[in-house]
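Accompanying notes for the structure given below.
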Amino acid sequence: MFFFIGCGGWFGQVAALHVSLTEYVLVFNTVQETRGFSGRYWLNITDFVIDGWLEQWRERSFEVENFTAGVTVHHPWGSAAGVRFGAGSWFLEYGRGFVPSSMFFASADTFFSTHDFVSWFSMMHAFGAGLAHEAYLFVEESIANLQDAR
Ligand SMILES: *[C@@H]1O[C@H](CO)[C@@H](O)[C@H](O)[C@H]1NC(C)=O
Ligand SMILES: *[C@@H]1O[C@H](CO)[C@@H](O)[C@H](O)[C@H]1NC(C)=O
């Protein structure tokens, strides 16, 4: 269930494997080479390069780091970088922190610039379903706690 995601200038496709309020796991793929701004998140993001490559130009740095297949790339929370993804690259991405904070950046270009509401709804569905599930579990647990307290 891949859907297009474009933000900060880069463009690719994503399949969400797991989404909760504090963690997500997804597969990111790009068929064409693409580059742009990484985004600055309230999340620690770890990317495992399955195939292809990723260049990272970190803030206040004057060189690019190049990460190729088999390498793990860290993007600590609050940091930003220029990124460039090679054509035909695949990544397994793990994010940990406050997940809803990333959704505004991740969806803003699609919503306000490209107006691709099909991709936008896919993104909201993939992320919203995970968050809704979490909210449901929270309510269920709260009710169980109330019942125990009686
Ligand atoms: C990074 O590696 C890829 C694949 O080997 C290569 O095509 C690209 O030019 C490299 N980038 C830099 C800055 O060396
Ligand atoms: C993110 O990484 C920093 C530095 O390694 C750590 O102090 C912080 O607890 C991490 N946050 C989460 C939510 O894992």
Side-chain angles (χ1 to χ4, degrees), residues 1-111 113-114 119-145:
M1 250 63 70
F2 278 90
F3 56 87
F4 276 147
I5 184 164
C7 46
W10 52 263
F11 184 72
Q13 57 188 349
V14 157
L17 305 180
H18 168 77
V19 181
S20 77
L21 267 179
T22 53
E23 287 178 309
Y24 71 78
V25 180
L26 55 79
V27 175
F28 178 77
N29 163 255
T30 178
V31 174
Q32 295 176 315
E33 185 179 311
T34 184
R35 71 166 87 195
F37 174 67
S38 65
R40 202 186 287 277
Y41 307 100
W42 286 347
L43 292 155
N44 287 328
I45 299 175
T46 306
D47 272 293
F48 178 73
V49 187
I50 299 169
D51 198 11
W53 52 273
L54 157 64
E55 284 175 12
Q56 223 182 23
W57 163 27
R58 288 181 199 271
E59 230 173 334
R60 292 181 284 274
S61 145
F62 295 92
E63 57 189 12
V64 293
E65 287 168 88
N66 204 359
F67 302 94
T68 48
V71 172
T72 303
V73 189
H74 295 286
H75 186 72
W77 62 6
S79 69
V83 289
R84 181 172 163 227
F85 303 91
S89 294
W90 289 87
F91 306 89
L92 182 67
E93 181 168 309
Y94 171 61
R96 182 186 164 89
F98 186 53
V99 172
S101 69
S102 64
M103 287 175 67
F104 189 73
F105 172 73
S107 65
D109 281 1
T110 307
F111 193 85
S113 169
T114 62
S119 297
W120 190 81
F121 276 110
S122 302
M123 193 187 312
M124 289 303 127
H125 180 76
F127 277 75
L131 297 180
H133 182 65
E134 181 109 330
Y136 170 76
L137 292 179
F138 176 77
V139 169
E140 205 177 40
E141 195 176 323
S142 304
I143 292 171
N145 286 342

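The basis for the numbers below is simple: all heavy atoms, side chains too, and nothing from hydrogens, waters or symmetry mates. For ligands, and for the atoms within them, numbers begin at 1 and follow the listed sequence.
Under the 30°/60° scheme for interplanar angles, the aromatic rings of W90 and F2 are found to stand perpendicular. Ring pair F11/F4 is tilted by interplanar angle, where 30° to 60° counts as tilted.
Of the possible polar contacts, none joining the W120 side chain to the M124 backbone as a donor-acceptor pair under 3.5 Å is found. At least one donor-acceptor pair closer than 3.5 Å links the side chain of H75 to the backbone N or O of G39.
Near V64, meaning under 4.0 Å from one of its heavy atoms, ligand 1 places the atoms 13 (C).
By the 3.5 Å distance cut-off applied to N or O atoms, E55 is counted among the residues near ligand 1. Backbone and side-chain nitrogen or oxygen atoms of N66 are examined, and one is located within less than 3.5 angstrom of a nitrogen or oxygen of ligand 1.
Surrounding CZ of F37 are more than 12 heavy atoms belonging to other residues, nucleotides or ligands, all under 6.0 Å away. For E59, the CD atom sits in a packed shell: over 12 heavy atoms of surrounding residues, nucleotides or ligands are nearer than 6.0 Å.
Residue Y136 forms a side-chain hydrogen bond (donor to acceptor under 3.5 Å, both in side chains) with just one option from E140, E134, H133, and that option is E140.
Annotation: ligand 2 has protein neighbours N44, W77, R96, G97, each with a heavy atom less than 4.0 angstrom from the ligand.
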